[in-house]
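Not measured: the values here are computed from a predicted model.
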Amino acid sequence: MKLTQGCFSFLPDLTDDQITKQVQYCLANGWAVNIEFTDDPHPRNTYWEMWGLPMFDLQDAAGVMMELAECRRVYGDRYIRISGFDSSHGWESVRISFLVNRPPQEAEFELVRQEVGGRAIRYSTIRKPAAHASQ
């Protein structure tokens, strides 16, 4: 199952050239760029691990791409995303976020429905155990 989080999630995975262009777009808008990684892509897990500090005041996407290459080398078996943070007054929020790396075996989730009192329905997202290849 292909995880769909962030911008471009329903498109094929971005190439490094496409990632560079998106990073350059962030920098051209004056946004800080950061790289994050996780092995727990649950939709409610907003606390991904940061790779270094957010990169402020960069002019060229090459610096971000060098850091991304190193992050992929160390954590290539995890999800990695890039975010662009707009610190301008009125926004002060992430403006763009997209996955740039996926593990070989993607996480799978199941939506569980539970009927409760008063005809209410609750939904839970549960991570399914990884499927193991038979030996």
Side-chain angles (χ1 to χ4, degrees):
M1 175 176 91
K2 183 179 177 185
L3 187 74
T4 54
Q5 283 188 14
C7 301
F8 322 117
S9 62
F10 290 98
L11 298 174
D13 292 341
L14 298 178
T15 65
D16 281 357
D17 184 50
Q18 292 169 324
I19 294 168
T20 301
K21 289 178 181 176
Q22 293 303 319
V23 169
Q24 194 61 50
Y25 174 81
C26 292
L27 297 176
N29 282 287
W31 303 341
V33 175
N34 66 297
I35 300 172
E36 300 169 297
F37 61 92
T38 189
D39 61 354
D40 179 17
H42 188 282
R44 291 197 177 139
N45 175 21
T46 57
Y47 301 106
W48 290 36
E49 299 291 327
M50 289 187 69
W51 176 261
L53 296 172
M55 294 168 254
F56 295 91
D57 301 325
L58 290 180
Q59 301 297 317
D60 189 356
V64 176
M65 296 307 290
M66 287 181 2
E67 290 296 324
L68 175 58
E70 185 64 13
C71 186
R72 282 176 169 163
R73 186 185 70 74
V74 176
Y75 295 110
D77 62 338
R78 300 183 187 181
Y79 291 94
I80 301 173
R81 72 178 173 198
I82 289 181
S83 299
F85 182 83
D86 183 355
S87 62
S88 60
H89 181 69
W91 282 99
E92 299 157 342
S93 180
V94 172
R95 295 281 296 252
I96 187 171
S97 177
F98 53 95
L99 292 175
V100 294
N101 196 77
R102 297 169 181 278
Q105 180 66 38
E106 293 244 27
E108 292 193 21
F109 294 92
E110 179 179 2
L111 186 65
V112 177
R113 181 174 130 169
Q114 177 187 12
E115 295 183 24
V116 294
R119 297 179 59 177
I121 298 175
R122 292 186 182 149
Y123 292 94
S124 299
T125 306
I126 301 171
R127 186 171 185 165
K128 294 168 70 174
H132 296 287
S134 59
Q135 296 180 359

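Considering only heavy atoms from C-beta on, Ser124 stays 4.5 Å or farther from Gln114 through its side chain. No side-chain heavy atom of Ile82 sits under 4.5 Å from any side-chain heavy atom of Asn34. Side-chain contact between Tyr47 and Thr38 is absent, with no heavy atoms from C-beta onward closer than 4.5 Å. Residues Arg113 and Glu115 are in side-chain contact: their nearest non-hydrogen atoms beyond the backbone lie under 4.5 Å apart. The shortest side-chain heavy-atom distance between Asp60 and Leu27 does not fall under the 4.5 Å cut-off.
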task: Could you walk me through whether Asp16 and Met65 pass the side-chain contact (heavy atoms from CB on, under 4.5 Å) test, one step at a time?
output: CA-CA 8 Å; Asp16 281 357; Met65 296 307 290; 4.2 Å; yes
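Nearest approach of Ser83 to Glu36, heavy atoms of both residues: OG-OE1, 3.6 Å. Considering every non-hydrogen atom in both Val94 and Ile96, the closest pair reads CG1-O, 3.3 Å. Nearest heavy-atom pair across Asn45 and Trp48 is O-NE1, 3.2 Å.
Both Val100 and Val74 are members of a single hydrophobic cluster when ILVMFWY side chains are connected at heavy-atom separations under 4.5 Å. Put simply, Phe37 and Val33 are part of the same group of oily side chains (I, L, V, M, F, W, Y) that touch within less than 4.5 Å, one to the next.
Annotation: ring-ring contact (aromatic ring centres under 6.0 Å, His included) contacts involving residues 84-103, sequence neighbours excluded, comprise Phe8-Phe98.
Other residues, nucleotides and ligands contribute only 12 or fewer heavy atoms inside 6.0 Å of the CD atom of Gln59. More than 12 non-hydrogen atoms from other residues, nucleotides or ligands lie less than 6.0 angstrom from CG of Leu11.
Judged by distance alone, with hydrogens and angles left aside, the side-chain atoms of Asp39 form no donor-acceptor pair with the main-chain N or O of Arg78 at under 3.5 Å.
Note that OH of Tyr79 and CG of Leu99 are 8.0 Å apart. Values are rounded to the nearest 0.5 Å. In this structure, Cys71 SG and Arg81 CZ are separated by 12.0 Å, a value rounded to the nearest 0.5 Å. The CE atom of Met55 sits 15.5 Å away from atom CH2 of Trp31, with the distance rounded to the nearest 0.5 Å.
Under the side chain to side chain contact (heavy atoms under 4.5 Å, CB included) rule, Val23 has a single partner from Leu68, Val64, Ile35, which is Val64.
A side-chain donor from one of Trp51 and Glu67 sits under 3.5 Å from a side-chain acceptor of the other. Defined by atom type and a distance below 3.5 Å, a donor-acceptor pair is present between the side-chain atoms of Ser88 and Asp86.
Using a 4.0 Å cut-off between charged nitrogen and carboxylate oxygen, Asp77 and Arg102 do not count as a salt-bridge pair. By the 4.0 Å N-to-carboxylate-O rule, Glu70 lies too far from Arg72 to be salt-bridged with it.
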